[in-house]
Amino acid sequence: MLGLNKKDTSLLIIVGILTMLAPFILNPFPEGSAMAQFNAGYPDLMQRFVIFGIFAIGFNILFGLTGYLSFGHAAFLGVGSYSAVWMFKLLSYNIIPAIALSVVVAGVFSLLIGFVSLRRSGIYFSILTLAFAQMSFALAYSVLSNPKFNLTNGETGLQVYADDPQILQGANSPDLPHLFGLPMRATYTLDVGAWSFDFNAGYYLCAVIMMVVFYLSIRIFRSPFGMMLRAVKSNQQRMNYTGLNSKPYTLAAFVISGMYAGLAGGLMAAMDPLAGAERMQWTASGEVVLMTILGGTGTLIGPVLGAGFIKYFENIFSKINDNVLHSWFAFLPDGLEDAVVFLIHPFIGKGWHLTLGILFMLVVIYLPGGLVEGGQRLLNRLKRKKSKPDDATSGKTEPAE
């Protein structure tokens with residue numbers, strides 16, 4: 001289907017079903033119960049899952065296929081956000097021109113940075129991309145916020161004001177980002193018993209776009225272009241010895257990856273019309289590296305899983321505080337309850353990074369292929385368990401020792 005083989009079609013369908021049913025899947029516990037703390041089916045978090053999924057899918061096209069590790073992809077994310085907010089300021093709140101400009105500007109910006117950075121490989125390439133990202137951050141934070149030439153509004157961040165031109169904004173159009181009149185914040189809530197499910201317009205727009213870019217990613221992975229990128233990762237020097245110039249291929253991968261990041265940045269601004277310099281910081285670049293490695297570098301679904309894993313822990317574990325812990329362990333004697341809360345306290349709330357760090361360490365040590373490898377091992381184990389009874393009834397006998 002759509003030019004994909006059976007395996008990839010199945011994967012695309014599974015991802016599509018999980019994405020569309022996310023409001024149900026991410027809300028397994030009834031509202032008001034003690035476990036409702038772990039529900040993640042609210043619009044803001046679901047939007048983050050898919051937007052960072054797009055960011056990680058794009059990063060994986062560069063890192064997973066060519067092996068070039070960029071520490072500067074947050075620059076394209078930030079450029080995409082700024083471009084989208086400028087479209088809101090100049091034209092209207094319609095998100096289509098904003099997202100289109102985000103992708104185009106990020107593509108041009110990544111072409112410039114990639115052309116310079118790809119002159120080196122390995123750690124030198126990583127340092128060059130990091131340097132460009134930090135320069136972009138400095139430009140956005142201070143230089144381009146000069147009152148005479150204010151493009152980014154510095155520390156405050158770029159946003160839409162009442163006196164902005166918005167030359168295409170209709171009198172009856174929503175005064176928030178919308179898709180031809182449909183506000184991105186429009187949410188329908190379905191109450192079923194003790195459960196409450198939110199269906200948000202912004203989330204479903206991002207989900208559909210993620211499905212499209214995920215499909216494009218599969219086509220890139222399976223194409224001759226993708227094979228060439230894998231050859232670069234395998235042994236670029238040997239490729240060069242054959243007379244093949246690998247630079248256009250790596251530059252194309254860098255630009256595609258940058259455009260994915262710009263798209264994610266544009267969608268972030270479409271969900272919340274505000275762009276700040278913090279989106280360009282090196283920590284944001286490091287986050288997408290963690291997402292890709294955690295999910296499974298070079299795999300199709302891995303970056304999406306990694307993005308969901310990190311955003312889930314960031315938003316859920318950081319909300320748990322001592323009061324929640326005391327309510328969970330209230331059945332214990334007072335002294336024991338306090339001791340348990342004291343032991344868990346460093347790993348929740350502001351200490352959620354500690355939990356994430358430990359989980360990341362365990363995944364890297366025991367599952368070098370990321371969460372995808374974990375899933376494959378689990379499936380293989382289940383298959384072996386199913387095959388054991390067949391072996392027992394197959395009539396085969398083993399010689400006695």
Side-chain angles (χ1 to χ4, degrees), residues 11 14-15 18-19 22 25-26 28 35 37-40 45-46 48-71 73-74 77 123 126 130 210 214 217-218 221 230 233 257 260-261 264 281-320 343-385:
L11 179 64
I14 290 171
V15 173
L18 292 177
T19 307
I25 297 168
L26 295 174
M35 299 302 287
Q37 181 75 35
F38 294 102
N39 283 343
L45 184 52
M46 290 194 297
R48 286 178 175 273
F49 283 156
V50 288
I51 290 173
F52 279 90
I54 292 170
F55 189 19
I57 289 170
F59 183 78
N60 192 42
I61 291 174
L62 177 69
F63 180 48
L65 286 179
T66 68
Y68 277 85
L69 177 57
S70 166
F71 281 120
H73 262 49
L77 186 80
I123 188 65
S126 301
L130 177 62
M210 192 195 78
F214 184 64
S217 156
I218 297 175
F221 268 66
R230 283 197 181 88
K233 184 178 182 181
S257 181
Y260 269 68
Q281 264 191 313
W282 66 271
T283 49
S285 297
E287 195 175 46
V288 74
V289 176
L290 289 182
M291 288 172 181
T292 309
I293 294 174
L294 196 61
T297 309
T299 61
L300 288 168
I301 190 67
V304 181
L305 294 177
F309 188 87
I310 289 182
K311 286 297 157 190
Y312 181 84
F313 275 90
E314 179 185 333
N315 288 274
I316 300 299
F317 272 66
S318 60
K319 282 194 307 183
I320 301 174
L343 288 174
I344 300 178
H345 173 80
F347 299 94
I348 55 157
K350 292 180 180 177
W352 74 271
H353 282 100
L354 192 57
T355 307
L356 182 64
I358 292 171
L359 291 171
F360 183 72
M361 227 167 46
L362 291 173
V363 168
V364 170
I365 292 171
Y366 295 106
L367 298 171
L371 297 175
V372 170
E373 184 182 339
Q376 288 171 342
R377 286 189 190 181
L378 187 63
L379 282 176
N380 291 336
R381 185 165 295 181
L382 290 173
K383 285 178 182 175
R384 279 202 297 271
K385 278 188 180 179

### Task
Give the minimum heavy-atom separation between Ile51 and Ala264, together with the two atoms involved.
CG2-O, 3.4 Å
## Note on the structure
Between the CD1 atom in Ile344 and the CD1 atom in Ile320, the distance rounded to the nearest 0.5 Å is 9.5 Å
### Task
Locate the shortest heavy-atom distance separating Ile316 from Ala40; write the atom from each residue and the value.
CD1-CB, 4.3 Å
### Query
Under the 3.5 angstrom rule, does the side chain of Lys233 hit a backbone N or O of Gly64 as a donor-acceptor pair?
yes
### Message
With a sphere of 6.0 Å drawn around CH2 of Trp352, does it hold more than 12 non-hydrogen atoms of other residues, nucleotides or ligands?
### Response
yes
## Note on the structure
What one should report as the nearest heavy-atom pair of Gln281 and Ala74 is O-CB, 3.6 Å
### Message
Run Val15 and Met210 through side-chain contact (heavy atoms from CB on, under 4.5 Å) and show every step you take.
### Response
CA-CA 10 Å; Val15 173; Met210 192 195 78; 4.2 Å; yes
### Query
Going by heavy atoms in the side chains, are Thr19 and Phe49 under 4.5 Å from each other?
no
### Message
Using modelled atom types and a 3.5 Å cut-off, is there a donor and acceptor pairing between side-chain atoms of Ser318 and backbone atoms of Gly349?
### Response
no
### Query
Within the distance-only criterion (no hydrogens, no angle test), does the side chain of Ser126 pair as donor or acceptor with the backbone N or O of Ser70 below 3.5 angstrom?
no
### Message
If I take atom CE from residue Met361 and atom OH from residue Tyr366, how far apart are they, to the nearest 0.5 angstrom?
### Response
9.0 Å
### Task
With Ile310 as reference, evaluate Asn315, Val288, Leu294 under the side-chain contact (heavy atoms from CB on, under 4.5 Å) test and give the passing residue.
Leu294
### Query
Would a 4.5 Å heavy-atom cut-off, applied to side chains only, mark Phe214 and Leu11 as touching?
yes
### Query
Is Lys311 paired with Glu287 through a side-chain N to carboxylate O contact shorter than 4.0 Å?
yes
#### Entry: Min side-chain heavy-atom separation Leu300-Ser217 under 4.5 Å
yes
### Task
Measure from the side-chain N and O atoms of Arg48 to the backbone N and O of Tyr312, and report whether any donor-acceptor pair falls under 3.5 Å.
no
### Message
Closer than 3.5 angstrom, by distance alone: can the side chain of Asn60 be matched with the main-chain N or O of Gly298 as a donor-acceptor pair?
### Response
yes
### Message
Would you call the rings of His73 and Phe59 parallel, tilted or perpendicular, taking 30° and 60° as the class edges?
### Response
perpendicular
#### Entry: Test item: Ser257 side-chain N/O and Ile61 main-chain N/O as donor-acceptor pair under 3.5 Å
no
#### Entry: Between CZ on residue Phe52 and CD1 on residue Ile57, distance to nearest 0.5 Å
13.5 Å
#### Entry: Shortest non-hydrogen contact between Leu367 and Glu373, atoms and distance
C-OE1, 3.7 Å
### Summary
Closest non-hydrogen atoms of Val372 and Thr299, given as atom of the first, atom of the second and distance, are CG2-OG1, 3.7 Å
### Summary
Value for CG (Leu354) from CD1 (Ile348), rounded to nearest 0.5 Å, stands at 11.5 Å
### Task
With rounding to the nearest 0.5 Å, note down the distance linking CG in Leu69 to CD1 in Ile123.
7.5 Å
### Query
Do Phe309 and Phe313 make the cut of ring centroids closer than 6.0 angstrom?
yes
### Message
Working to the nearest 0.5 angstrom, can you tell me the gap between Arg230 CZ and Thr66 OG1?
### Response
11.5 Å
